[in-house]
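Here the structure is laid out as structure tokens; the discussion comes afterwards.
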Amino acid sequence: MQARREKLERLRAAGVEPFGYSFDRSHTATEAVAALGDADEGPTVTVAGRLVSWRSQGKTAFAHLADMDGRVQLYFRRDEIGDEVFAQLAEYDLGDWVGVRGAMMRTRTGEATVKVSHVELLAKSLRPLPLGKEQMVDGTLVRYSAFSDTEQRARQRYADLAVHPEVRALFRARSVLTRAIRSHLDGLGYLEVETPVLQPLYGGAAARPFITHHNTLDMPLYLRIADELYLKRLIVGGFERVYEIGHDFRNEGIDRTHNPEFTMLEFYEAFADYRTMMSRVESLLVNAADAVRAIPLVGEKVPTLVTPFPRIEWVPSLSQAAGVEVMAVSDAELRTLAERIGVPKVATLSRPKVLDEMFQELVESKIQVPTFVVDYPKELSPLAKPKRGGPAGITERFELFARGKELANAFSELNDPIDQRERFEAQAALRAAGDDEASGVDEDYLRAMEYGMPPTGGVGIGIDRLFMYLTDTPNIRDVILFPTMRPE
RNA sequence: GACCGGGUAGCUCAGUCGGUAGAGCAGCGGACUUUUAAUCCGUAGGUCGUGGGUUCGAUCCCCACCCCGGUCACCA
């Protein structure tokens with residue numbers, strides 16, 4: 001770093017501004033290479049990017065310049081750019097942002113290269129980037145001394161992105177994913193809306209919230225754990241199709257699949273039930289997967305989605321896997337069974353919870369291809385409507401699983417305000433008993449329900465997890481640009 | 001929270017059966033007008049995660065703690 005400072009000073013002394021103001025480029029690196037085509041000489045191009053390699057050879061030098069999505073070789077000759085400028089190249093470092101102009105040419109070894117006739121420094125890099133060396137071996141990129149410390153890559157995402165084109169490609173793909181989702185929902189007549197992140201009451205899921213304080217109002221506010229209750233207020237208001245993509249916040253642990261702040265898509269559609277929402281989810285995911293599949297360096301990993309997704313019913317699938325009629329079997333028998341499967345602390349769990357654990361163990365974790373699990377027990381689904389015409393105690397709810405992980409959760413939404421009040425009050429009782437994941441009674445939401453909400457289907461999809469599934473990324477930290485981390 | 005693995009140069013790592021440390025790349029100086037992990041010669045660079053203990057002496061052994069990763073547990 002000291003050496004780079006000194007170079008900076010020498011450049012300034014020579015009248016070179018080390019931090020430029022703007023630069024007009026005619027081609028990206030990829031476009032410049034394409035402009036040469038198969039020819040040995042090509043048009044003059046102007047390109048800009050970071051210096052990522054440098055091979056000096058006395059009176060010539062080769063370098064590679066990398067920009068957003070590509071790289072191109074640069075060839076400097078003293079007799080081409082003059083003694084003074086050539087001498088100044090000694091003050092350049094890897095990581096510097098430069099702009100160059102020159103004719104495209106092909107080198108002896110066949111690489112498309114800019115024969116530089118003009119070079120200018122756009123920004124001096126004072127801190128060395130952790131650039132490794134790389135080589136193509138049989139068509140695959142081999143890195144040496146790559147920047148691989150997972151912690152530092154997440155903390156210094158800017159450096160991770162700067163030296164790893166495939167990381168840039170991954171996050172570009174993530175952006176493409178959300179764009180595809182928006183485009184798909186917009187095409188169905190959905191309205192994208194924004195609802196409060198700061199909420200006086202939190203609800204719509206069971207999770208511990210982040211709590212903050214508003215000074216002027218002198219009251220606590222909670223960072224939302226879900227968008228659900230506000231989006232359904234909008235259905236009451238007459239927006240028949242709404243969606244929101246935003247961050248939810250849950251004050252819980254951090255691990256491979258959990259970040260305290262994560263991206264949630266929720267969409268609600270009036271007059272729809274959960275069956276309609278299943279087909280919405282299918283077409284949405286197929287479109288999203290197609291969009292991501294088109295991204296180089298990422299798309300190869302995207303699984304092929306075959307619709308319609310298989311559908312299995314919660315109770316029968318569990319009964320079959322367990323070998324007994326789980327809803328009919330005695331409590332004692334059920335618990336014995338659960339223990340044999342390996343469910344921990346069976347004695348401390350309620351019966352619905354035991355069933356849920358058994359389901360996770362026997363069914364959920366074995367689902368590989370995207371599969372809808374439908375018709376959940378009421379005890380596990382407090383926000384879903386009872387199953388029409390179906391057995392008592394079953395609700396119209398589905399979850400989508402793939403590779404053993406939940407991708408979506410949806411209901412035919414409960415719109416009976418009397419029933420809703422009872423469920424809120426049950427939650428409030430739990431909260432009073434010390435369960436800080438339970439919510440209170442949201443009177444304003446009940447008031448909205450009392451005005452009348454049409455039949456509505458609603459879906460929540462965790463975008464981070466969906467993207468992890470599509471790109472086969474095992475750690476959520478690797479799909480969030482700046483994951484939550486302990487301070488250094 | 002438990003267990004396992006790890007923390008040494010800017011990056012990736014090696015090592016010291018206990019005697020205050022090395023390599024490659026990056027850096028710096030030099031040679032080189034088609035190189036591509038360029039090559040060649042030379043050179044600089046480290047409170048060995050933190051604190052304590054044992055010892056004449058600790059980066060190494062012991063204890064505690066911190067941090068990271070993995071597995072498991074917890075978690076609608």
Side-chain angles (χ1 to χ4, degrees), chain A residues 1-4 6-7 40 51-64 71-81 86 90 93-95 105-113 115 125-137 141-156 159-160 163 203-208 225-226 228 250-258 260 342-345 348-350 352-353 356-357 359-360 364 376-377 379-384 397 399 406 409 411 427 435-439 460 462 474-475 477 485-488:
Chain A
M1 290 203 30
Q2 184 61 37
R4 290 185 178 211
E6 289 164 6
K7 288 175 178 178
D40 288 333
L51 291 176
V52 294
S53 71
W54 188 266
R55 293 174 297 283
S56 167
Q57 283 203 116
K59 299 187 182 65
T60 66
F62 288 92
H64 274 98
R71 50 155 54 197
V72 63
Q73 183 168 250
L74 308 180
Y75 179 39
F76 298 91
R77 292 175 63 99
R78 193 169 73 174
D79 57 13
E80 186 82 21
I81 58 174
F86 193 83
D93 286 294
L94 293 182
M105 57 167 270
R106 189 170 304 283
T107 62
R108 189 181 289 164
T109 54
E111 181 163 355
T113 300
K115 189 175 185 182
S125 164
L126 290 176
R127 184 183 293 272
L129 279 168
L131 281 161
K133 294 216 164 186
E134 38 196 47
Q135 176 183 218
M136 294 301 289
V137 177
L141 188 70
V142 178
R143 282 217 174 83
Y144 304 86
S145 309
F147 182 40
S148 59
D149 183 301
T150 52
E151 181 190 356
Q152 290 310 321
R153 288 179 57 189
R155 283 192 192 283
Q156 300 187 39
D160 185 33
V163 305
R208 283 185 292 167
I225 59 172
E228 172 141 357
R250 297 185 183 176
N251 204 339
E252 285 161 6
I254 299 177
D255 64 26
R256 212 163 66 256
T257 56
H258 296 85
V343 174
K345 301 178 198 160
T348 67
L349 303 175
S350 63
K353 195 67 196 159
D356 191 32
E357 291 286 339
F359 187 82
Q360 281 183 28
E364 224 176 271
Y376 279 63
E379 295 91 334
L380 298 173
S381 313
L383 296 165
R397 172 187 181 189
E399 291 193 286
E406 178 190 336
N409 183 21
F411 316 111
Q427 287 280 305
D435 182 349
D436 55 3
E437 285 198 348
S439 54
N475 199 316
R477 182 193 56 213
M485 302 192 79
R486 203 182 292 274
E488 286 182 86

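None of these values were measured; they are calculated from a predicted model. In what follows, chains carry the letters A, B, and so on, assigned in the order in which the sequence lines appear, proteins first and then strands, with residues in each chain numbered from 1.
- With hydrogens and angles left out, the side-chain atoms of A:Y376 and A:E399 include a donor and acceptor closer than 3.5 Å.
- Taking for each of A:H258 and A:E134 the nucleotide of RNA chain B with the nearest heavy atom, the 5'-most of the two is the partner of A:E134.
- Contact annotation: A:T107 does not reach the phosphate of B:U35 (side-chain N/O to OP1 or OP2, under 4.0 Å).
- Between A:K59 and A:P130, it is A:P130 whose nearest contact on RNA chain B lies nearer the 5' terminus.
- Using a 4.0 Å heavy-atom criterion, one finds that A:D79 contacts the bases of the nucleic acid, with or without backbone contacts as well.
- Side-chain contact between A:L380 and A:F359 is absent, with no heavy atoms from C-beta onward closer than 4.5 Å.
- Nucleic acid contact for A:Q57: base, since at least one base atom lies under 4.0 Å from a heavy atom of the residue.
- Here A:K133 does not reach the OP1 or OP2 of B:C11: none of its side-chain N or O atoms lies under 4.0 Å away.
- No contact: A:S53 has no heavy atom under 4.0 Å from any strand.
- Judged purely by atom type and a 3.5 angstrom limit, A:R397 has no side-chain atom pairing as donor or acceptor with the backbone of A:N409.
- Nucleotides B:U39 and B:C25 have their P atoms positioned 7 Å apart, rounded to a whole Å.
- Between the side chain of A:R55 and the base of B:U35, at least one donor-acceptor pair of N or O atoms lies under 3.5 Å.
- Judged by distance alone with a 3.5 Å cut-off, a donor-acceptor contact links the side chain of A:Q73 to the base of B:U35.
- Remark: the A:E134 side chain and the A:H64 side chain contain no N/O donor-acceptor pair separated by less than 3.5 Å.
- In this model, the phosphate group of B:U71 is approached by a side-chain N or O of A:R256 to a distance below 4.0 Å at OP1 or OP2.
- As judged by a 4.0 angstrom heavy-atom cut-off over every strand, A:R153 is placed among residues making no nucleic acid contact.
- The side chain of A:N475 places no N or O atom within less than 4.0 Å of a non-bridging phosphate oxygen (OP1 or OP2) of B:G69.
- Between the side chain of A:R78 and the base of B:U33, no donor-acceptor pair under 3.5 Å is found.
- Taking atom P on both B:A23 and B:A44, the two are 11 Å apart, rounded to the nearest angstrom.
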**OP:** Mind running side chain to side chain contact (heavy atoms under 4.5 Å, CB included) on A:K133 and A:S53 for me, showing each step along the way?
**Re:** CA-CA 8 Å; A:K133 294 216 164 186; A:S53 71; over 6 Å; no
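- Straight-line distance between the C1' atoms of B:G70 and B:C11: roughly 23 Å, to the nearest whole Å.
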**OP:** Could you summarise the pairing of RNA chain B as dot-bracket text, marking Watson-Crick and G-U pairs under 3.5 Å with ( ) or [ ] inside the strand and | across strands?
**Re:** (((((((..((((.....[..)))).(((((.......))))).....(((((..]....))))))))))))....
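- The side chain of A:R108 contributes an N or O atom lying less than 4.0 Å from OP1 or OP2 of B:U35.
- Nucleic acid contact class of A:A206 (heavy atoms, under 4.0 Å, all strands): base.
- Across all strands, A:N409 comes closer than 4.0 Å to no nucleic acid atom at all (heavy-atom distances).
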